Undergrad: 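Encoded as structure tokens, here's the structure I'll be asking about.
Owing to the predicted nature of the structure, the values given are computational and were not obtained by experimental measurement.
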Amino acid sequence: MMIRIMSSRETGIKRAFAFLSIVALWLAAAAAPVSAHPVADEIRRTAVVSAFPPELAVLAAELEDATSRSINGVEFLTGKLAGSNVVLFLSGISTVNAAMTVQLALDHFAVERIVFSGIAGGVDPDLEIGDVTIVERWGQYLETVFARKVGDGWEKPSFFEYPYAGFGMMFPRSVTVSRAGSTQSETRFWFPVDETMIDHARQAAQRVELIRCTDDDQCLPRTPKVVIGGSGISGSAFVDNAEFRNYAFRTFGARVLDMESAAVAHVAWANDVPFIAIRSLSDLAGGSGKANQIEIFFRLASNNAARVVMSLLRDMAGG
């Protein structure tokens with residue numbers, strides 16, 4: 001039996017070929033589109049999302065031919081709603097939960113548009129509890145820098161973009177995000193709502209009847225209205241502070257604030273999927289002279305938002 005011992009030169013060549021083979025495989029994998037969650041449902045659907053159960057319950061009760069499936073612990077309901085093929089699910093409360101669950105839906109379903117239905121805090125002093133807002137853009141006010149105190153002012157790092165004035169030490173900043181179909185990242189504060197869906201919402205708003213009384217007969221002083229246009233902001237904070245409310249209206253021109261919509265708008269923009277948020281005011285984010293009224297009016301507000309969503313879906317389905 002003869003044993004051949006390779007020279008150091010031959011060993012080096014073999015190692016080089018092995019390395020090049022690994023590089024070639026890596027480049028091939030990088031060039032091919034990779035999906036950790038392949039689409040499991042090929043029917044083109046509208047994703048209808050809410051943050052917590054009472055918001056979604058009104059819509060789920062109207063769902064026809066409902067089928068349930070669970071992915072990563074999130075329940076997705078598919079079926080027909082107001083003439084549209086939909087997938088309904090809860091985002092969970094907070095920007096992180098919202099971004100995670102919406103991306104999960106996009107990875108598993110053929111989502112052609114996203115509609116968020118839920119409650120929010122009113123910022124615009126012309127709006128009242130029960131009103132429904134449909135704004136044209138969303139930004140994240142807690143994408144922020146906590147600045148260093150220097151004398152009587154604040155010193156901010158120079159490597160971020162600061163499009164707006166701060167609130168004390170908190171200075172909102174823009175975020176850099178990549179987008180489907182683009183080779184370059186973009187830095188922005190605002191994420192737009194789809195213009196076509198806004199047009200449908202204008203038509204849908206004319207046909208919807210909002211409620212002003214709760215089930216236990218606690219009534220608002222006037223019948224709520226649908227307001228379209230302006231800006232909304234989101235952050236993972238429950239805001240019940242009149243001073244911050246005034247800052248948000250003055251600085252961002254915000255009409256409404258919540259804890260999820262801007263994150264969903266961010267994910268929708270990154271995936272190039274049309275998005276709209278229907279938010280009804282359950283409280284005034286600290287602007288009421290009384291204690292926060294969310295526990296009294298969140299079901300009324302959820303119902304009003306759901307009514308507008310149903311009207312919107314009918315309009316988009318041609319009904």
Undergrad: Check whether any side-chain N or O of S280 sits under 3.5 Å from a backbone N or O of G130 as a donor-acceptor pair, and report yes or no.
TA: yes
Undergrad: Heavy-atom distance under 4.5 Å between the side chains of F171 and F160, does that happen here?
TA: no
Undergrad: Taking R245 for the side chain and L284 for the main chain, is one N or O donor matched with an acceptor at less than 3.5 Å?
TA: yes
Undergrad: Identify whether the distance between the nearest side-chain nitrogen and carboxylate oxygen of R279 and D258 falls below 4.0 Å.
TA: yes
Undergrad: Quick one: pull up CH2 in W154 and CE in M170 and give me the separation to the nearest 0.5 Å.
TA: 11.0 Å
Undergrad: Considering residues, nucleotides and ligands other than D215, do more than 12 of their heavy atoms fall under 6.0 Å from its CG?
TA: no
Undergrad: Has the side chain of N246 got a donor or acceptor atom that lies under 3.5 Å from a matching backbone atom of A242?
TA: yes
Undergrad: Got more than 12 heavy atoms from elsewhere within 6.0 Å of CZ, R179?
TA: yes
Undergrad: Kindly indicate, with the supporting measurements, whether the criterion side chain to side chain contact (heavy atoms under 4.5 Å, CB included) is fulfilled by V74 and F76.
TA: CA-CA 6 Å; V74 179; F76 294 90; 3.7 Å; yes
Undergrad: Does any donor atom in the side chain of R299 or N303 lie under 3.5 Å from an acceptor atom in the other side chain?
TA: no
Undergrad: Should M310 and E62 be marked as a side chain to side chain contact (heavy atoms under 4.5 Å, CB included) after you check the CA-CA gap, both sets of side-chain angles, and the distance that decides it?
TA: CA-CA 9 Å; M310 292 287 286; E62 300 292 330; 3.9 Å; yes
Undergrad: Which heavy-atom pair separates I228 from A205 by the least distance, and what is that distance?
TA: CD1-CB, 4.4 Å
Undergrad: Would you say that V86 contacts K80 through its side chain, given a criterion of any heavy-atom pair below 4.5 Å between the two side chains?
TA: no
Undergrad: Using side-chain heavy atoms (C-beta onward) and a distance below 4.5 Å, is F275 in contact with V273?
TA: no
Undergrad: Assess the side chains of R188 and S174: does a donor N or O sit below 3.5 Å from an acceptor N or O?
TA: no
Undergrad: Consider only side-chain heavy atoms of I, L, V, M, F, W and Y, link residues closer than 4.5 Å, and tell whether I294 and L56 are in one cluster.
TA: no
Undergrad: Between S282 (side chain only) and F298 (backbone N and O only), is there a donor and an acceptor less than 3.5 Å apart?
TA: no
Undergrad: Could you give the distance from CD (E195) to NE2 (H200), rounded to the nearest 0.5 Å?
TA: 12.5 Å
Undergrad: What distance separates L59 CG from L81 CG, expressed to the nearest 0.5 Å?
TA: 6.0 Å
Undergrad: Please answer: with hydrophobic residues joined when any side-chain heavy atoms are less than 4.5 Å apart, are V193 and L281 in the same cluster?
TA: yes
Undergrad: Quiz question: by atom type and distance under 3.5 Å, do the side chains of Q203 and D199 form a donor-acceptor pair?
TA: no
Undergrad: Looking at every heavy atom in both I198 and I276, which two are closest together, and how far apart are they?
TA: N-CD1, 4.0 Å
Undergrad: Considering only heavy atoms from C-beta outward, does the side chain of S91 approach that of F116 to under 4.5 Å?
TA: yes
Undergrad: If you round to the nearest 0.5 Å, how far is OG of S288 from CD of E128?
TA: 9.0 Å
Undergrad: Answer yes or no: is there a donor N or O on one side and an acceptor on the other, between the side chain of R255 and the main chain of G229, under 3.5 Å?
TA: yes
Undergrad: Hey, any chance V267 and V96 share a hydrophobic cluster, counting ILVMFWY side chains that come within less than 4.5 Å of each other, even indirectly?
TA: no
Undergrad: Which of parallel (below 30°), tilted (30 to 60°) and perpendicular (above 60°) describes F252 and F189?
TA: parallel
Undergrad: Determine whether D194 and W269 make a side-chain contact, defined as any pair of heavy atoms from C-beta on separated by less than 4.5 Å.
TA: no
Undergrad: Can you tell me how far CZ of R69 sits from OG1 of T78, rounded to the nearest 0.5 angstrom?
TA: 4.5 Å
Undergrad: Can we call the ring centroids of Y247 and Y141 under 6.0 Å apart?
TA: no
Undergrad: Please walk me through it: do D315 and R207 pass side chain to side chain contact (heavy atoms under 4.5 Å, CB included)?
TA: CA-CA 10 Å; D315 195 86; R207 297 190 297 272; 2.9 Å; yes
Undergrad: So, for A47 and F89, which heavy atoms are closest and what is the spacing to 0.1 Å?
TA: CB-CE2, 4.0 Å
Undergrad: Side chains of V264 and V49: does their closest heavy-atom pair fall under 4.5 Å?
TA: no
Undergrad: Hey, quick one: are L127 and V123 part of the same hydrophobic cluster, counting side-chain heavy atoms closer than 4.5 Å, chains of contacts allowed?
TA: no
Undergrad: Where the side chain of S236 meets the backbone of T95, is there a donor-acceptor pair that is under 3.5 Å apart?
TA: yes
Undergrad: At their closest point, which heavy atom of A201 faces which heavy atom of I134, and how far apart are they?
TA: CB-CD1, 3.8 Å
Undergrad: If only atom types and distance count, is the side chain of D124 paired as donor or acceptor with the main-chain N or O of D126 below 3.5 Å?
TA: yes
Undergrad: Among D131, L300, L210, which one satisfies side chain to side chain contact (heavy atoms under 4.5 Å, CB included) with L220?
TA: L300
Undergrad: Just do the side chain to side chain contact (heavy atoms under 4.5 Å, CB included) check on V115 and M197 with the steps written out, would you?
TA: CA-CA 9 Å; V115 178; M197 294 176 78; 3.7 Å; yes
Undergrad: To the nearest 0.5 Å, tell me how far E75 CD sits from L90 CG.
TA: 8.0 Å
Undergrad: Given 3.5 Å as the limit, does a donor-acceptor pair link the side chain of E42 with the main chain of A110, or not?
TA: no
Undergrad: Which pair of non-hydrogen atoms, one from P157 and one from Y162, has the smallest distance, and what is that distance?
TA: O-OH, 2.8 Å
Undergrad: Would a 4.5 Å heavy-atom cut-off, applied to side chains only, mark N72 and M100 as touching?
TA: no
Undergrad: Do R113 and M316 have side chains that approach each other closer than 4.5 Å (heavy atoms only, starting at C-beta)?
TA: yes
Undergrad: Using the ring of F109 (Phe, Tyr or Trp, six-membered ring only), decide whether R45 places NZ or CZ under 6.0 Å from its centre and within 45 degrees of its axis.
TA: no
Undergrad: Write down the atom of A98, the atom of E260, and the distance for their closest heavy-atom approach.
TA: CB-CB, 3.7 Å
Undergrad: According to a 4.5 Å side-chain heavy-atom criterion applied to Ile, Leu, Val, Met, Phe, Trp and Tyr, with indirect links allowed, do V239 and M259 form part of one hydrophobic cluster?
TA: no
Undergrad: Mark yes or no for whether Q218, through its side chain, and T214, through its backbone, hold a donor-acceptor pair below 3.5 Å.
TA: no
